[in-house]
Each structure stands twice: as C-alpha cells, then as structure tokens.
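Below is one structure, written out as structure tokens; the observations come after it.
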Amino acid sequence: MLGGHLLHGGDYNPEQWLDCPEVLEEDIRLMKEAGVNCVTLGVFSWAVLEPEEGIYDFGWLEEIIDNLARADIQVILATPSGAMPHWLTQKYPEVMQVRADGQRNLPGKRHNFCYTSPVMREKITALDEALSERFGRKDNVILWHLSNELAGNFSDGACHCDLCQRAFREWLKEKYGTLEELNHAWWGRFWSHVYTDWEQIHSPAPHGETTVTGLELDWRRFVTDQISDFCGMERRAVAKYSELPVTTNFMDTFKNIDYNRLQKELDIISWDNYPCWHKEKDEVPVAVRASFSHSMMRTMKKKPFLLMESAPSVVNWRNNNPVKRPGMHMLSSMQAVAHGSDSVQYFQWRKGRGSYEKFHGAVLDHKNGSDTRTFREVSEVGKRLPRLDQMLDRTVNCPKAAILFDWTNWWAVEDITGPRLDLDYPACVLAHYRVFWEKGIEADIVDMDADLSSYQLVSAPLNYMYKKGWDKKIRKFVESGGVFVTTYFSGMADETDLCFTGHHPLEEVLGIIQEEIDAPSKEFENLFVYAGKEYTAQRMCEINRAKEGTEVLSVYERDFYAGCPVVTRNQFGKGEAYYLAAESDLAFLRAFYGDVFERTGLKNALDTELPYGVTVTERTCADQAPADGDAETKKHKGVVFVMNFKNDPVCVECAGEWTDAETGEVCRDRIEMKAFGSRVFVS
C-alpha cells in the first residue's frame with residue numbers, strides 16, 4: 001500500500017492562490033479536518049514553474065510541499081507536460097499538433113503538443129530532471145504523476161506533422177521490413193493502393209486515405225507507441241535523481257490509446273472516474289461501467305491501482321450535471337476500493353475562480369468553507385478509510401473469470417464496412433460483463449496478450465480480430481480444462497485485418513462452421529428458444545453449421561435458416577467452448593451465463609442470489625503471501641464488500657455468519673443494506 005495507508009485527497013492547485021496566503025493556510029487546516037492525507041501537485045503548473053525559458057521558480061512549490069509535510073500530508077508530484085506555456089508555443093510553434101486536415105493548431109487548451117517534437121521533448125526533459133533533482137528525495141513525495149490524461153480531452157493524441165509522418169514511416173519499416181510485406185498486409189492491390197515508395201505513405205486523413213483498414217490500424221498503433229515512448233521519456237527524466245514509482249492517469253475505455261501498451265511504462269496504474277450518476281433512476285448501468293473500468297485498471301498489473309480523480313460532487317461538461325445524492329459519494333468511493341483501489345482522490349480540492357473548470361465540483365466550493373454537504377460527505381470518507389487500512393494491506397481481487405476487451409480489436413471492429421456500420425464494441429462487452437456484476441462474480445478485464453492460466457472461464461464477445469497466437473492460446477486454455485465463451489462475428493480477421501480463409505482458426509475448439517452473416521432490420525428479426533424460453537435474435541445473426549459431436553443448445557425458429565444453431569457447446573480436451581451465433585438481449589445473457597456459472601462452479605463471495613442493484617467483491621491476500629508463508633501476512637481470509645446501488649434499502653439473504661469489519665456486528669443468514677449503502681465484511 002503506497003505510503004503505508006489508503007490515500008485520500010486529490011488534485012491541489014495552490015499556484016492559483018499564491019497571492020492569497022490566507023487561502024493556502026486555510027487549505028491545510030481543512031485538509032486535516034477532511035481526513036486528507038495526500039494531494040497531487042503540479043499537474044498544470046508549467047507556466048509558474050518555468051515562467052521564462054530555462055528560468056525555474058520552484059520556491060513556491062517547495063514551500064507548499066514543506067507545509068504539507070508538517071501537516072503529515074503526502075504528495076504525488078506531477079510533471080507539467082499536459083499544458084504548455086504561451087512562451088513555448090510562441091517561440092517554438094512546431095511543438096503544437098497538426099490536425100489530420102493538415103492545419104496546425106493554435107496555442108491553447110491542453111494536450112496540444114506533438115509527441116514527436118524534439119523541442120517539446122528537450123524542454124520537458126530539462127524541467128522534469130530539475131523537478132527530480134529538487135524534489136525527488138523529499139520525504140513526503142511518494143509518487144511521480146507523469147503528464148495528465150495522455151491523448152486526452154481536447155485532442156485525439158495524434159499529430160500529423162511532417163516529423164510524425166517520417167516517424168510513422170520508420171515505424172512501418174521496422175514492422176514490415178519491405179514494401180512487399182506492407183502491401184500484402186494492407187491488401188494494397190485493392191483499388192490500386194500499392195505503395196512503391198515509403199514516402200508515398202501518409203497518415204489517414206479526411207482529404208486523403210481512409211479506406212485502407214490496415215493503414216488505419218497501424219496508425220493507431222503508431223500513435224499509441226509514440227505516446228508511450230513520450231511517457232517513457234518522462235519516466236527516465238524523473239528517474240535521474242529519484243527512485244520513486246511513476247504513474248499517469250488513464251480515462252475509462254478511452255479509444256484513442258491502447259492502455260495495455262501504455263501501462264508497460266508505469267509502475268502503478270491510476271485512472272480518473274467520472275460516472276454520470278442519477279442520469280436515470282436505475283443506477284445499475286452506470287455502476288456496471290464504473291466497475292468494469294475499475295476491474296480493467298486492476299487487471300493490467302494484477303495489483304491494486306489508484307483512483308486518481310473522481311468528482312466529490314458535480315462535473316461541468318455534460319448537458320445536465322446532477323449533484324450526488326446522499327450516500328452516493330461514499331458508495332462510489334467504496335466501489336473503487338472494493339475493486340482494488342488503494343486510494344480515493346478527487347478533482348479537485350478547491351474550485352478555481354475562473355476559466356473552464358470554475359464550476360467543476362470540488363471538496364471546497366467558492367463559498368461556505370467546510371460548511372457544505374459535499375465537505376461533510378468527503379470527511380466521512382476520510383474517517384472511514386483509515387479503519388480499512390490494516391485489513392486491506394497487501395490485498396487485491398483475484399477473480400477466476402476474465403472478459404476480453406482488446407483495443408486493437410475495438411479499433412478494427414468499428415472501422416470496417418459491413419456487415420453492420422453501427423457496431424459498438426464497448427457496449428457489447430459491457431452487456432456480457434453486466435451479468436457477471438449482477439451475479440457478484442468478479443472478472444478481470446484482459447487483452448489478447450494476457451496469461452489465461454489462472455482463469456476457469458474466459459468470455460470474448462465480438463472477438464472479430466485474432467492477434468497472432470490468440471487461437472493457440474485459447475486452444476491450450478480449453479484443452480487444459482478452461483471454459484471459453486465467444487460470439488457472432490468472432491475470428492474473422494488477423495491482426496492486420498486480413499480475413500481468414502479456409503476455416504475458422506478455432507473451428508475444432510468451437511465445433512462450428514461459419515457460413516453467412518445476416519444483419520437484419522427490425523422487421524426481419526429472428527427467434528430462438530433457450531432453456532424453454534423464447535428470445536429475440538437481432539442485429540447480427542450468423543448462419544452456421546455444427547460439426548459432428550457439437551451439442552446444439554438452441555436453434556433459429558424462423559426464416560430460411562430455421563434450424564441452424566444459435567447456442568452451441570463443444571467439448572474439447574478437458575474443457576468446453578460455447579458459441580453464441582446471434583445477438584440477443586440481457587434476459588438471454590442472464591439465462592445463458594447463469595447456466596455457465598453453475599456448470600463451472602463460479603459463485604460470488606456470499607454464495608447467494610443477489611437482489612437487483614446489489615453486487616459483491618472480495619479482496620484477498622492469498623496470492624500476495626510471501627514464499628515463507630508468513631502467518632502475519634496470511635491472517636485475512638478475505639475482505640468482502642457488499643454494495644447496494646438502489647436508492648432503497650434491501651435485504652441480502654446469505655449463508656453462514658458474516659462479521660461487519662467496521663462495527664463488529666455479526667450477520668446471520670441476512671445482511672441489511674441501506675439505500676446506496678456499502679458494507680465491509682470478513683468471514
């Protein structure tokens with residue numbers, strides 16, 4: 001656990017208040033009152049840290065850090081590359097991004113820099129090294145925060161300048177070696193798109209090439225690699241005088257950059273969580289998405305992560321920005337901890353007086369100091385977290401199930417033309433994940449490069465693309481006793497988006513032969529019966545044949561492909577594989593996965609059916625115990641979180657006795673949950 005305890009705090013921007021020393025003094029007093037033990041400094045401070053080129057002003061920052069140290073508040077120190085000062089863009093306009101249409105951006109906003117630019121890299125490296133030398137060994141500085149939301153809000157992360165075009169061509173040369181190999185991978189003879197010189201290659205552009213899917217994929221991969229390389233450069237810069245770990249803040253399922261690649265440059269995963277609570281009265285869809293993202297962040301390192309930012313009250317960028325209703329702040333904070341976070345942190349500590357985020361929620365409002373509902377609810381979190389420190393130390397969630405979410409597959413499946421143009425990969429994966437969430441069965445969120453050996457069940461919805469070696473990995477997984485679930489429009493193309501020919505790469509494992517794909521309008525939806533109930537086959541319906549020995553669990557009821565399999569199960573080696581040939585609804589997924597969970601013996605930590613809106617997670621230290629079996633480390637059997645996302649009290653029926661880890665109350669056979677309640681138990 002970083003710093004020896006769960007972190008509570010968030011982004012602090014004292015540079016906005018340097019002319020108000022009374023405000024800075026009040027900040028520290030109120031941080032102590034709210035139970036804040038850690039703040040993040042310097043995220044967007046470049047213009048104050050380096051007011052003129054090569055002239056650094058670190059005195060104000062050192063005074064703040066020292067004052068925080070005296071109050072026993074730790075610091076996550078950021079590198080300020082997320083937003084550039086105007087002196088830099090005025091003197092070196094080449095540091096600003098060029099858009100896909102060829103126009104260079106004007107100064108302003110943030111994330112507006114070219115990741116390839118030698119000038120940008122030189123200037124931020126010098127500043128990072130200076131920060132490292134000055135602060136890298138401060139006792140209360142515990143972590144480096146590299147840049148901010150890379151490839152984020154006001155940019156897709158891609159710069160199309162001449163430097164980036166040259167870097168892209170060099171990247172392609174290294175990957176393919178020859179133009180012949182590149183032309184084959186991109187299927188260049190189609191429409192005479194054969195490249196005869198590397199200089200002919202240009203990034204995808206609205207006034208240029210947008211129809212070669214191999215080019216689109218490789219450009220996205222290149223952008224991810226370039227951003228990751230920039231992040232690695234900053235990591236090396238701060239490491240010059242410091243041995244502190246590094247992180248950068250991710251953003252949910254963010255399409256512009258493959259986080260599974262970027263995470264390799266980091267020691268600790270952190271992310272910014274801004275669910276849209278209270279958009280509708282049913283909070284479950286929002287809770288499911290937040291849970292999915294927490295699980296994905298935890299899975300990347302198979303270690304606890306940090307909730308780097310969350311809103312203590314409202315955000316400011318949606319059409320309607322509801323405040324959190326009573327109880328939701330505690331519940332959403334505990335949701336992060338329940339899924340493996342070792343922190344609850346906010347954007348931001350104090351609202352700024354002007355500019356873009358002046359109405360974004362903060363712990364401290366423009367008025368009333370600590371006398372606000374938001375401050376009181378934040379303080380309640382600040383009181384609760386220390387009670388969980390000892391029991392959660394060296395724990396993390398260890399699911400026996402995994403769900404595939406792979407960025408390259410996402411890019412590919414949504415870039416292609418046909419059989420549908422409205423495929424939504426994250427929505428599809430979330431629909432499958434929701435059933436796990438409702439059942440309280442935890443799942444890691446993996447990509448195709450993951451090690452699958454620790455899982456009993458792997459689900460891969462809409463797995464259109466198979467990266468090199470993925471089919472062999474799944475074959476081995478199932479053959480060794482694993483259960484594999486996949487769906488329609490899976491195993492269609494390789495990692496350069498060339499369609500497989502001859503047969504499906506996992507035909508023997510899945511036990512099906514793909515023939516056609518029907519993408520019907522609503523008027524031509526089909527039906528199928530599963531376990532005695534009728535469900536709709538909609539939007540995408542594969543017309544397949546079952547191989548000999550494959551068990552057909554359901555068939556189409558209508559149209560010319562009536563009798564063709566919809567749900568199949570095939571025994572392969574010691575395991576089995578399921579294929580869902582049609583898209584259906586949540587009711588079917590609940591019925592289907594319910595059977596799969598029962599067959600595989602997967603249960604939630606309470607071993608019970610959960611009321612709608614309630615879910616369960618468990619953090620355990622079993623996989624982190626030292627080799628010598630230190631009894632002190634093994635003292636926890638597991639810490640179970642029960643969370644109610646309904647704005648009504650509920651009762652959870654459960655087997656056995658469960659002790660509330662905070663109150664000592666023993667619950668036998670039933671657990672009472674308040675509206676938006678969260679409880680922590682040990683068995």
Side-chain angles (χ1 to χ4, degrees), residues 1-10 34-38 74 76 143 247 249-250 268-275 277 286-312 324 327-347 377-399 437 440 442 444-445 604-605 614-621 624 636 638-645 660-663 673-674 676-682:
M1 195 174 285
L2 189 67
H5 46 246
L6 296 171
L7 303 181
H8 184 231
V36 166
N37 58 28
C38 183
Q74 295 172 312
I76 297 172
L143 178 69
T247 191
N249 46 342
F250 291 172
I268 295 171
I269 303 300
S270 67
W271 82 289
D272 300 345
N273 181 35
Y274 293 104
W277 301 115
V286 178
V288 167
R289 177 160 185 158
S291 172
F292 178 88
S293 296
H294 288 314
S295 298
M296 180 169 63
M297 301 303 162
R298 179 195 68 238
T299 303
M300 288 181 188
K301 298 286 189 186
K302 295 290 187 74
K303 294 178 181 178
F305 62 95
L306 297 178
L307 178 60
M308 186 60 73
E309 292 182 21
S310 62
K324 287 181 175 176
M328 181 51 79
H329 178 65
M330 178 64 78
L331 175 58
S332 60
S333 298
M334 293 302 292
Q335 182 189 33
V337 176
H339 285 82
S341 177
D342 276 354
S343 74
V344 175
Q345 298 182 106
Y346 314 113
F347 183 84
E377 293 200 347
V378 166
S379 299
E380 287 302 310
V381 175
K383 293 174 185 175
R384 190 176 189 182
L385 291 178
R387 298 199 297 263
L388 303 177
D389 275 349
Q390 187 175 0
M391 71 182 73
L392 294 181
D393 188 26
R394 302 182 69 179
T395 67
V396 73
N397 312 59
C398 301
W437 186 95
E442 294 187 80
D444 279 346
I445 311 302
N604 60 52
V614 175
T615 195
V616 175
T617 69
E618 182 177 19
R619 289 180 62 155
T620 175
C621 62
Q624 295 190 28
H636 305 305
V639 183
V640 176
F641 294 77
V642 185
M643 294 162 281
N644 175 25
F645 286 88
D660 189 304
E662 298 172 274
T663 67
M673 300 292 298
K674 295 179 180 179
F676 293 151
S678 57
R679 298 185 70 178
V680 184
F681 293 92
V682 291

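Below, all heavy atoms of this structure are taken into account, side chains as well, without hydrogens, waters or symmetry copies. It should be emphasised that the depicted structure is a prediction, and the values quoted were computed from it without experimental measurement.
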Practice task
Output all residues satisfying salt bridge (Lys or Arg N to Asp or Glu O under 4.0 Å) with Asp660, sequence neighbours left out; order by chain, then residue number.
Solution key: Arg679
Handout entry: Short side-chain to backbone donor-acceptor contact, Arg387 and Glu662, under 3.5 Å
Key = no
Exercise for the section: List in chain and number order the residues that pass side-chain contact (heavy atoms from CB on, under 4.5 Å) with Asn604, two or more places apart in sequence or in another chain; answer none if no residue qualifies. Expected result: Leu606, Thr608, Leu610
Practice task
Go through the structure and list residues passing side-chain hydrogen bond (donor to acceptor under 3.5 Å, both in side chains) with Ser678, not counting sequence neighbours.
Solution key: Arg384
Exercise for the section: Please round to the nearest 0.5 Å and tell me the distance separating atom CD of Gln390 and atom CE of Met1. Expected result: 10.0 Å
Problem - Partner residues of Lys301 under the side-chain contact (heavy atoms from CB on, under 4.5 Å) criterion, sequence neighbours left out - result: Gln263, Ile269, Lys303
Practice task
Provide the closest heavy-atom pair for Met673 versus Val642 in the form atom of the first, atom of the second, distance.
Solution key: CE-O, 3.2 Å
Handout entry: N/O donor-acceptor pair under 3.5 Å between His8 side chain and Gly35 backbone
Key = yes
Problem - Partner set under salt bridge (Lys or Arg N to Asp or Glu O under 4.0 Å) for Glu377, not counting sequence neighbours - result: Arg373
Problem - Sidechain-backbone polar pair: Asp389 side chain, Leu6 backbone, donor-acceptor under 3.5 Å - result: yes
Fill in the blank from the handout: Sorted by chain and residue number, the side-chain hydrogen bond (donor to acceptor under 3.5 Å, both in side chains) partners of His329 (sequence neighbours excluded) come out as Lys324, Tyr346
Practice task
Only pairs at least two apart or in different chains count here, so list each salt bridge (charged side-chain N to carboxylate O under 4.0 Å, His left out) that has a residue in residues 288-299.
Solution key: Asp252-Arg289, Arg298-Asp444
Practice task
To the nearest 0.5 Å, tell me how far Met330 CE sits from Phe676 CZ.
Solution key: 14.5 Å
Handout entry: Phe645-Trp437 aromatic ring centre distance below 6.0 Å
Key = yes
Exercise for the section: Of all the heavy-atom pairs spanning Ala290 and Asn273, show the shortest one and how long it is. Expected result: CB-OD1, 4.1 Å
Problem - Ring centres under 6.0 angstrom apart (His294, Phe305) - result: yes
Handout entry: For Asn397, all residues meeting side-chain hydrogen bond (donor to acceptor under 3.5 Å, both in side chains), sequence neighbours excluded
Key = Glu442
Completion exercise
By side-chain hydrogen bond (donor to acceptor under 3.5 Å, both in side chains), Ser295 pairs with (sequence neighbours left out) Tyr433
Problem - For Ser343, side-chain contact (heavy atoms from CB on, under 4.5 Å) partners two or more places apart - result: Leu7, Leu306, Leu307, Ser341, Gln345
Practice task
Using modelled atom types only, decide if a donor and an acceptor are shared between the side chain of Gln335 and the backbone of Met643 within a distance under 3.5 Å.
Solution key: no
Handout entry: Thr247 (side chain) donor-acceptor with Ile268 (main chain) under 3.5 angstrom
Key = yes
Problem - Partners passing salt bridge (Lys or Arg N to Asp or Glu O under 4.0 Å) against Glu380 (at least two apart in sequence or in another chain) - result: Lys383
Fill in the blank from the handout: Those residues at least two apart in sequence (or on a different chain) that pass side-chain contact (heavy atoms from CB on, under 4.5 Å) with Ala605 are Val616, Glu618, Val640
Exercise for the section: Return yes if some donor-acceptor pair links the side-chain N/O of Ser291 with the main-chain N/O of Ala287 below 3.5 Å, else return no. Expected result: no
Completion exercise
Rounded to the nearest 0.5 angstrom, the CG-CE distance for Leu143 and Met308 is 6.0 Å
